[in-house]
Amino acid sequence: MSRSLDSAPAAGGNTAWLDQVAFNATGLVPVIAQQMEDKRVLMLAWADRAALEQTYRSGYATYYSRSRARQWRKGEESGHTQRVREIRIDCDGDVVLYLVEQLGGVACHTGRASCFYRRLEDGVWQDADPVLVDPGQMYRRGKP
């Protein structure tokens with residue numbers, strides 16, 4: 001499914017598209033977040049049906065956190081949100097792609113632009129991308 005979210009309904013609307021998503025046995029589907037402009041892969045997370053529907057309705061990336069056992073909107077703690085421009089689905093219906101505008105420039109909780117910041121070099125994982133924002137500062141938003 002490819003669809004511009006600029007015209008997505010704020011409330012109501014058809015949700016039959018969700019029936020075409022092949023959720024796993026725990027009711028989740030992997031979601032890849034990719035930067036709309038340069039196509040850089042930013043992260044992989046999971047979504048349940050409600051998170052996909054919330055993303056569609058709000059235009060902002062919402063996922064299901066397995067560790068927190070609840071939905072979370074990307075950036076709810078860090079402030080680095082993802083404005084979803086398109087939602088796509090793969091040929092088997094078992095992977096979703098969010099084409100996003102990464103607001104704040106940081107998608108990873110480590111303060112990097114992408115969660116895929118390590119590169120395999122001579123059998124060793126090496127950091128290939130710099131920290132853009134100190135994670136300690138990112139997660140102290142609103143705290144004294």
Side-chain angles (χ1 to χ4, degrees), residues 1-10 13 15 17-144:
M1 159 188 323
S2 173
R3 170 166 178 29
S4 171
L5 294 192
D6 295 330
S7 60
T15 59
W17 61 274
L18 287 163
D19 295 334
Q20 296 174 37
V21 177
F23 295 97
N24 68 16
T26 59
L28 301 175
V29 64
V31 179
I32 298 166
Q34 184 178 38
Q35 182 68 33
M36 181 77 171
E37 285 186 23
D38 63 9
K39 305 302 186 220
R40 182 176 189 185
V41 175
L42 301 175
M43 57 181 276
L44 173 98
W46 295 87
D48 60 4
R49 184 182 179 100
L52 289 178
E53 186 172 2
Q54 180 61 28
T55 297
Y56 177 75
R57 292 186 190 290
S58 72
Y60 287 88
T62 303
Y63 301 101
Y64 183 85
S65 170
R66 295 175 299 165
S67 62
R68 299 176 201 152
R70 67 170 179 84
Q71 275 186 32
W72 61 280
R73 179 180 278 187
K74 178 67 175 159
E76 70 185 27
E77 293 178 27
S78 69
H80 297 273
T81 58
Q82 293 173 340
R83 174 77 173 110
V84 179
R85 299 298 181 185
E86 289 183 19
I87 299 174
R88 296 184 181 212
I89 193 168
D90 79 332
C91 57
D92 296 321
D94 60 0
V95 178
V96 172
L97 175 68
Y98 290 169
L99 291 168
V100 306
E101 176 186 352
Q102 180 65 52
L103 304 174
V106 174
C108 185
H109 74 280
T110 67
R112 292 175 173 87
S114 170
C115 292
F116 296 94
Y117 64 89
R118 292 182 283 184
R119 176 175 49 224
L120 187 61
E121 295 178 8
D122 298 321
V124 179
W125 293 111
Q126 299 288 335
D127 289 355
D129 296 337
V131 173
L132 301 175
V133 177
D134 174 19
Q137 294 298 316
M138 244 182 358
Y139 292 102
R140 281 195 286 188
R141 283 179 10 101
K143 297 177 185 173

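Sequential numbering from 1 along the given sequence is applied to the chain's residues.
- You'll find the side chain of L18 reaches within 4.5 Å of the side chain of L52, heavy atoms only.
- Counting only N and O atoms by type, the side chains of Q102 and Q82 include a donor and acceptor under 3.5 Å apart.
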E121/Q126 under side chain to side chain donor-acceptor pair (under 3.5 Å): CA gap, chis, key distance, verdict: CA-CA 7 Å; E121 295 178 8; Q126 299 288 335; 5.3 Å; no
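- Between the side chain of Q34 and the backbone N or O of K39 there is at least one donor-acceptor pair closer than 3.5 Å.
- Taking the side chain as every heavy atom from C-beta outward, V31 and W46 never approach each other to under 4.5 Å.
- At least one side-chain heavy atom of M138 sits under 4.5 Å from a side-chain heavy atom of V106.
- Contact of the R119 side chain with the W125 side chain is not registered, since no non-hydrogen atoms from C-beta on lie closer than 4.5 Å.
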Hey, mind stepping through Y98 and Y60 against ring pair (Phe, Tyr, Trp, His ring centres under 6.0 Å) and telling me if it holds? CA-CA 10 Å; Y98 290 169; Y60 287 88; over 10 Å; no
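- Between L132 and G105, the shortest heavy-atom contact is CD1-O, 3.9 Å.
- Between the side chain of T62 and the backbone N or O of Q54 there is no donor-acceptor pair closer than 3.5 Å.
- Geometric assessment of R70 against the ring of W72 yields a negative cation-pi assignment under the 6.0 Å and 45° thresholds.
- Taking all atoms of both residues into account, the shortest heavy-atom contact from R83 to S58 is NH1-O, 4.2 Å.
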Where do V96 and I87 land on the side-chain contact (heavy atoms from CB on, under 4.5 Å) test, with the steps shown first? CA-CA 7 Å; V96 172; I87 299 174; 3.8 Å; yes
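- In the displayed structure, D38 atom CG is contacted under 6.0 Å by more than 12 heavy atoms of other residues, nucleotides or ligands.
- For R112 and D127, the salt-bridge test passes: some basic side-chain N is under 4.0 Å from an acidic carboxylate O.
- Nearest heavy atom pair, residue G111 against residue P135, reads N-CG, 4.1 Å.
- A donor-acceptor pair is defined here as one N or O able to donate and one able to accept, closer than 3.5 Å; such a pair exists between the side chain of D90 and the backbone of D94.
- For the atom pair Y117 OH and C108 SG, the distance stands at 5.5 Å (nearest 0.5 Å).
- A salt bridge is defined here as a Lys NZ or Arg NE, NH1 or NH2 lying under 4.0 Å from an Asp or Glu carboxylate O, and R57 with E53 meets this definition.
- If you take CE on M43 and NE2 on H109, they are separated by 10.5 Å, rounding to the nearest 0.5 Å.
- Within a 6.0 Å radius of CD in E37, no more than 12 heavy atoms belonging to other residues, nucleotides or ligands are found.
- At least one donor-acceptor pair closer than 3.5 Å links the side chain of E76 to the backbone N or O of R73.
- To the nearest 0.5 Å, atoms CZ (F116) and CG (L44) are separated by 6.0 Å.
- Atom CD of Q20 sits about 7.0 Å away from atom CD1 of I89, to the nearest 0.5 Å.
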Any chance you could lay out the side-chain contact (heavy atoms from CB on, under 4.5 Å) test for K74 and L103, step after step, and finish with the verdict? CA-CA 10 Å; K74 178 67 175 159; L103 304 174; over 6 Å; no
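- In terms of heavy atoms, Y63 sits closest to A33 at OH-CB, 3.5 Å.
- Between Y64 and A51, the shortest heavy-atom contact is N-CB, 4.3 Å.
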Go through the steps for V95 and I32 under the test side-chain contact (heavy atoms from CB on, under 4.5 Å), then give the verdict. CA-CA 8 Å; V95 178; I32 298 166; 4.0 Å; yes
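- The CZ atom of F23 sits 7.0 Å away from atom CG of D48, with the distance rounded to the nearest 0.5 Å.
- Shortest non-hydrogen contact noted between D92 and A22 is O-CB, 4.2 Å.
- The local environment of CZ in R40 is crowded, with over 12 non-hydrogen atoms from other residues, nucleotides or ligands closer than 6.0 Å.
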